[in-house]
There are 2 protein chains.
Amino acid sequence: MQAYVDFVLELDRLKAVTRKVKPVGIDRYENSAEHSWQIALLAASLAHLADTPVDVNRVVLMLLVHDIGEIDTGDTIVFEEHGWEERKAAELAAVSRIFGALPDGRGEHFLALWREFETGETAEARFANAVDRAMPALLNLANEGQSWRENGIAHQRVVDRIGPPIAAGCPALWAYMAPQLEAAQAKGWFGA
Amino acid sequence: MQAYVDFVLELDRLKAVTRKVKPVGIDRYENSAEHSWQIALLAASLAHLADTPVDVNRVVLMLLVHDIGEIDTGDTIVFEEHGWEERKAAELAAVSRIFGALPDGRGEHFLALWREFETGETAEARFANAVDRAMPALLNLANEGQSWRENGIAHQRVVDRIGPPIAAGCPALWAYMAPQLEAAQAKGWFGA
């Protein structure tokens, strides 16, 4: 039992990994643990709108584990253009260590889901990626573009980076978001 | 799509609901969103040790939704002795409103899981309750009894309140915790 307790206390560290966006109406940055909770529920409510039918239970668990590698690396803004290969290798080392410490190979299922999300080839991984990419933009749309303005991210850069994965995994979600992002551009909610 | 976005932005408010325990090594109180994430993963890793075989997917989703009523009521320490009936009625009103706003009755499944957790009669609900009760005590055991000391909670009160539900849902977890709580008592980690 000690190994399971050590595991969940290791997970505790994800509560200290801060992201770039703030929860609506709260003056602090979101952390990766509460983010993972939120997108798991967004996915569970939207699963019927996935591009291809998905096993919603696999999607939920995939989203709950997808950021755990950040325990060692911290969060990196999606608009960063360099160093992804090194970061992903470091995240893989982290999740291999964390999940590998569970007894009787019980972490293998979590590790497989983490890899599946990163590879992004299954219907579940595509849909999970769509929801993960959409959520910070949805918060920014409710927050007058807080993290776009703080980090100097232009409208076109957002559209180029998050449009394709959202459209691939959940077309209805992108159809909703694209005009919202246009309107946000008109309101001056993006960086230069 | 707007209804789903409104739903997930309403969920955002759970990130502002603070609990009594602090994450290990972080000087702030935990919130109910990150707590829900953590216990979903603890449950997923421990499900084979449930008292009765459980559908782990139902447990995970149940734990992800079980605190959403606190969006309207805030969190109440489990050792509070009065007012539970009124609080639970207010939580039910909150989740009925929040899940009821999803289109096409898609929130009914979430509401049913919320009720199932509260009723506590199925194997899944018993196991989910065990994990939910255990987690703050596991954090306190790693935190020198921080919330027990801050709130004046004695060892016997903890054992009486969390022992039966943990033992009922996950006997191996309580078998591990009971002596740990004894040892914490000897170290002076409880309130008077």
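Quick note on labels: first sequence line is chain A, next is B, and so on, each numbered from 1.
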Heavy-atom contact with chain A under 4.5 Å, split by part of [X]:
X	result
M177(B)	neither
H48(B)	side chain
A172(B)	both
L141(B)	neither
F99(B)	neither

Query - Residue from V8(B), L14(B), L64(B) passing side-chain contact (heavy atoms from CB on, under 4.5 Å) with Q38(A) - result: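 It is V8(B), the one option of V8(B), L14(B), L64(B) that forms the side-chain contact (heavy atoms from CB on, under 4.5 Å) with Q38(A).
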Would one find more than 12 heavy atoms of other residues, nucleotides or ligands at under 6.0 Å from atom [atom1] of [X]?
X	atom1	result
R115(B)	CZ	no
E85(A)	CD	no
E108(B)	CD	no

Report task. Heavy-atom pairs under 4.5 Å with chain B are the metric here; pick the option from L46(A), L138(A), L9(A) that has the most. Result ->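 That would be L46(A).
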Can you say whether [X] sits under 4.5 Å from chain B via the side chain, the backbone, both, or neither, judging by heavy atoms?
X	result
I39(A)	neither
L102(A)	side chain
A142(A)	side chain

Report task. Might you point out which heavy atoms bring F110(A) and A44(B) nearest each other, and give the distance in Å? Result ->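 F110(A) and A44(B) have their closest heavy atoms at CZ-CB, 3.8 Å.
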Query raised in the report: What's the shortest heavy-atom distance between L49(B) and Y4(A), and which atoms?
Result: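 The pair with the smallest heavy-atom distance is CD1-CE1, 4.4 Å.
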Query - Choice from R13(B), R106(B), M135(B) maximising heavy atom contacts with chain A below 4.5 Å - result: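 So the answer, after comparing R13(B), R106(B), M135(B), is R106(B).
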Query raised in the report: When only pairs under 4.5 Å are counted, which of Q180(B), H109(B), K15(B) shares the most heavy-atom pairs with chain A?
Result: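 If we count pairs closer than 4.5 Å to chain A, K15(B) comes out on top.
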Query - Cluster link F79(B) to W84(B), ILVMFWY, side chain under 4.5 Å - result: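 In one cluster: no.
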Query raised in the report: Do W189(B) and I162(B) share a hydrophobic cluster, counting only Ile, Leu, Val, Met, Phe, Trp and Tyr and linking them when any side-chain heavy atoms are less than 4.5 Å apart?
Result: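 They do not share one cluster, since no chain of ILVMFWY contacts under 4.5 Å joins W189(B) to I162(B).
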Requested in this report: Check whether any side-chain heavy atom of L61(A) lies under 4.5 Å from a side-chain heavy atom of L41(B), and answer yes or no.
Outcome: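 Yes - at least one pair of side-chain heavy atoms lies under 4.5 Å apart.
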Report task. Nearest 0.5 Å please: distance from the CG atom of D55(A) over to the CG atom of N57(B). Result ->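 Here the interatomic distance stands at 7.0 Å.
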Report task. Report, by ascending residue number, the residues of residues 23-35 of chain A in heavy-atom contact with chain B at a distance under 4.5 Å; give 'none' if the set is empty. Result ->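 Within residues 23-35 of chain A, near chain B: P23(A), V24(A), I26(A), R28(A), E30(A), N31(A), A33(A), E34(A).
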